[in-house]
Amino acid sequence: MNRPNILYIHSHDTGRYVQPYGYDIPTPNIQRLADQGVLFRQAFCANPTCSPSRACLLTGMSAHGNGMIGLAHRGFGLNDYSQHILHTLRTVGYRSTLIGIQHIAPGDQKEIIGYDEIVDLPDIKNGAPGRAAADWLRNRKGCDPFFLSVGFFETHRVFPEPDPQDNPDNCRPPAPLPDSPRTRYDMACYKASARILDDGIGQVLQALDETGLAENTLVICTTDHGIAFPRMKCNLTDHGIGVMLIMRGPGGFAGGKAIDGMVSQIDLFPTVCELLQIDRPAWLEGRSVLPMVRGDLERVNEEIFAEVNYHAAYEPKRCVRTERYKYIRRYEDRGHPILPNCDDSPSKDLLLEAGWRDRAPAEEHLFDLVFDPNEACNLVGKPEMETVLDEMRDRLQRWMELTSDPLLIGPVAAPKGAKVNDPDGMSPKDTPSTIE
């Protein structure tokens, strides 16, 4: 079997805020990929924090199942790095290469993941992984199929200053935020970062074309979670767990199709297994999306799940989403938002000045996604919603039991030596140089 190459392109904190999802954010190269491939309109991460999200995708299992319940650079890690997809691919002849961000092992311990090759970069910002990956493709040695991971720093904060074409007065802030000079400026800066990301992705795609590799390469283009704005990243609303997912290549991933069936990033590992016609490892929790791509089914998931444990601070919560409803459960009541889990920004400053710290989040949320797609109206406590609420609680409970979620028996402990902020603090206090 002539197995396809696999190019895994992943960005930081992008959500769905790119051109193919209808936003006024010019990303022509990502748009071209969508025009040629398959766009998943309802794709979700399994944990809207950086390391856990990537770990879930690359192991095909929940964060509490694979062990990555916090950030790698803060002392968290996988239970078993051999569950990374590259090891399954290696058994059928793939060579693996890492360029740029990886975020599932401490920066000085990248080798424990098991890549055959790691291309070290002096700088991971300003689209550098894209240029390096393009050079790698043009100078690739050998003919074995490859698994190439290209991780971009963008669109992580700190954002660059807006380009002249990104006039803040003509920018629309993200849906959960008010329209104000500060939020518009913040979004203009995001657009400048997205432009850098798109240029880097374009360089990789151009190199694929120039080398004749595009036809036999499955491109997986995605991000870890929602954008780094208040009430988005680290949150279990769709603003936090909704992600871009575009795939292009052999096996039906062509034609500029859009798919509306719900997909979790844990479905990508089993999808690759089916595409390559190899046995799926026993630990996989997801489902292949190929039946939807081929047109055999409209959906493969009746429900998807997501969780948060640790980001900068401990904030245990879980959610279940169906096509109609979202249920979110918080497991520790601090009486205020866990502010260290929100990146510092002009938008955050605006909310803090308006009294955000004193707005206690509810223990449970239930949203009707048809009538309330922005998840702003909590239906818990509405008598007419009791049956739905009980059903969604049961769905979440069954999943937690099936996956042996440690939260069922009490607080989830951080590993010894892990860096965890005080939940009553204000700032994440992380620097960009620590996130490789």
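In this chain, residues are counted from 1 in sequence order.
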Practice problem: State, to 0.1 Å, how close M400 and L407 come at their nearest heavy-atom pair, and which atoms those are. | Solution: CE-CB, 4.1 Å
Quiz item: What's the shortest heavy-atom distance between P423 and A313, and which atoms?
Solution: CA-CB, 3.9 Å
Exercise. Return each pair, listed once, that meets ring pair (Phe, Tyr, Trp, His ring centres under 6.0 Å) where at least one residue sits in residues 165-200; pairs must be two or more places apart or across chains.
Key: F159-Y190
Quiz item: Under 4.0 Å between a Lys/Arg side-chain N and an Asp/Glu carboxylate O for D343 and K348?
Solution: no
Quiz item: Taking NZ, NE, NH1 and NH2 as the nitrogens, is one of them in D209 or R32 under 4.0 Å from a carboxylate oxygen of the other?
Solution: yes
Quiz item: Does the D198 side chain pair with the main chain of I30, one donor and one acceptor, at a distance under 3.5 Å?
Solution: yes
Return a table of donor-acceptor pairs under 3.5 angstrom between the side chains of residues 168-177 and protein atoms on other chains or two or more places apart.
{"from": "N170", "atom 1": "OD1", "to": "N167", "atom 2": "ND2", "distance (Å)": "3.3"}

Self-check item: Check against salt bridge (Lys or Arg N to Asp or Glu O under 4.0 Å), R138 and E210
Solution: CA-CA 8 Å; R138 293 187 178 102; E210 291 176 359; 2.7 Å; yes
Practice problem: Taking H10 for its side chain and Q102 for its backbone only, find out whether a donor-acceptor pair lies under 3.5 Å. | Solution: no
Quiz item: Between the side chains of N47 and H225, is a donor N or O closer than 3.5 angstrom to an acceptor N or O?
Solution: no
Exercise. Using a strict 4.0 Å threshold on nitrogen-to-oxygen distance, state whether R16 and D238 make a salt bridge.
Key: no
Exercise. Output yes when a side-chain donor or acceptor of R95 lies under 3.5 Å from a complementary backbone atom of P145, and no otherwise.
Key: no
Self-check item: Which atom of Y21 lies closest to which atom of V243, heavy atoms considered
Solution: OH-O, 4.0 Å
Quiz prompt | Cation over ring face, R329 and Y331, 6.0 Å, 45° | solution = yes
Quiz item: Can you tell me if N139 uses its side chain to pair, donor with acceptor, with the backbone of D135 under 3.5 Å?
Solution: yes
Practice problem: On the 0 to 90° scale, with breaks at 30° and 60°, tag the F153-H156 ring pair as parallel, tilted or perpendicular. | Solution: tilted
Practice problem: Consider only side-chain N and O atoms of H64 and E307, and report whether a donor and an acceptor are under 3.5 Å apart. | Solution: yes
Exercise. Taking all non-hydrogen atoms of both residues into account, name the closest pair between L339 and G425 and its distance.
Key: CB-O, 3.7 Å
Exercise. Please check if atom CD in E298 has more than 12 non-hydrogen atoms from other residues, nucleotides or ligands closer than 6.0 Å.
Key: no
Quiz item: Can you say whether the rings of F305 and W399 are parallel (under 30°), tilted (30 to 60°) or perpendicular (over 60°)?
Solution: parallel
Quiz item: Is D349 salt-bridged to R182, going by a charged N under 4.0 Å from an acidic O?
Solution: no
Practice problem: List the atom of P178, the atom of T183, and the distance in Å for their closest heavy-atom pair. | Solution: O-OG1, 2.7 Å
Exercise. Go through the steps to decide whether I124 and I101 satisfy the test side-chain contact (heavy atoms from CB on, under 4.5 Å), and finish with yes or no.
Key: CA-CA 7 Å; I124 57 172; I101 294 284; 3.4 Å; yes
Quiz item: Under the side-chain contact (heavy atoms from CB on, under 4.5 Å) criterion, do N378 and E364 qualify, and how do the steps go?
Solution: CA-CA 8 Å; N378 188 7; E364 293 181 291; 5.9 Å; no
Quiz item: Is the NZ or CZ atom of R321 both under 6.0 Å from the centre of the six-membered ring of F367 and within 45° of that ring's axis?
Solution: no
Exercise. Determine the minimum heavy-atom distance between R330 and A362, stating which atoms define it.
Key: CD-O, 3.0 Å
For residues 261-272, please give each side-chain donor-acceptor pair under 3.5 Å, one per line with the distance, not counting sequence neighbours.
{"from": "S264", "atom 1": "OG", "to": "I266", "atom 2": "N", "distance (Å)": "3.3"}
{"from": "Q265", "atom 1": "OE1", "to": "S53", "atom 2": "OG", "distance (Å)": "3.4"}
{"from": "Q265", "atom 1": "NE2", "to": "T222", "atom 2": "OG1", "distance (Å)": "2.9"}
{"from": "Q265", "atom 1": "NE2", "to": "T223", "atom 2": "O", "distance (Å)": "2.8"}
{"from": "D267", "atom 1": "OD1", "to": "R287", "atom 2": "N", "distance (Å)": "2.7"}
{"from": "D267", "atom 1": "OD2", "to": "S264", "atom 2": "N", "distance (Å)": "2.9"}
{"from": "D267", "atom 1": "OD2", "to": "N301", "atom 2": "ND2", "distance (Å)": "2.9"}
{"from": "T271", "atom 1": "OG1", "to": "D267", "atom 2": "O", "distance (Å)": "2.6"}
{"from": "T271", "atom 1": "OG1", "to": "V289", "atom 2": "N", "distance (Å)": "2.9"}

Quiz item: Does a donor on one side chain and an acceptor on the other come within less than 3.5 Å for E274 and S288?
Solution: yes
Quiz item: Under 3.5 Å, side chain of N421 to main-chain N/O of S427, donor-acceptor pair present?
Solution: yes
Practice problem: Any chance you could lay out the salt bridge (Lys or Arg N to Asp or Glu O under 4.0 Å) test for R157 and D186, step after step, and finish with the verdict? | Solution: CA-CA 10 Å; R157 292 184 185 272; D186 213 2; 2.9 Å; yes
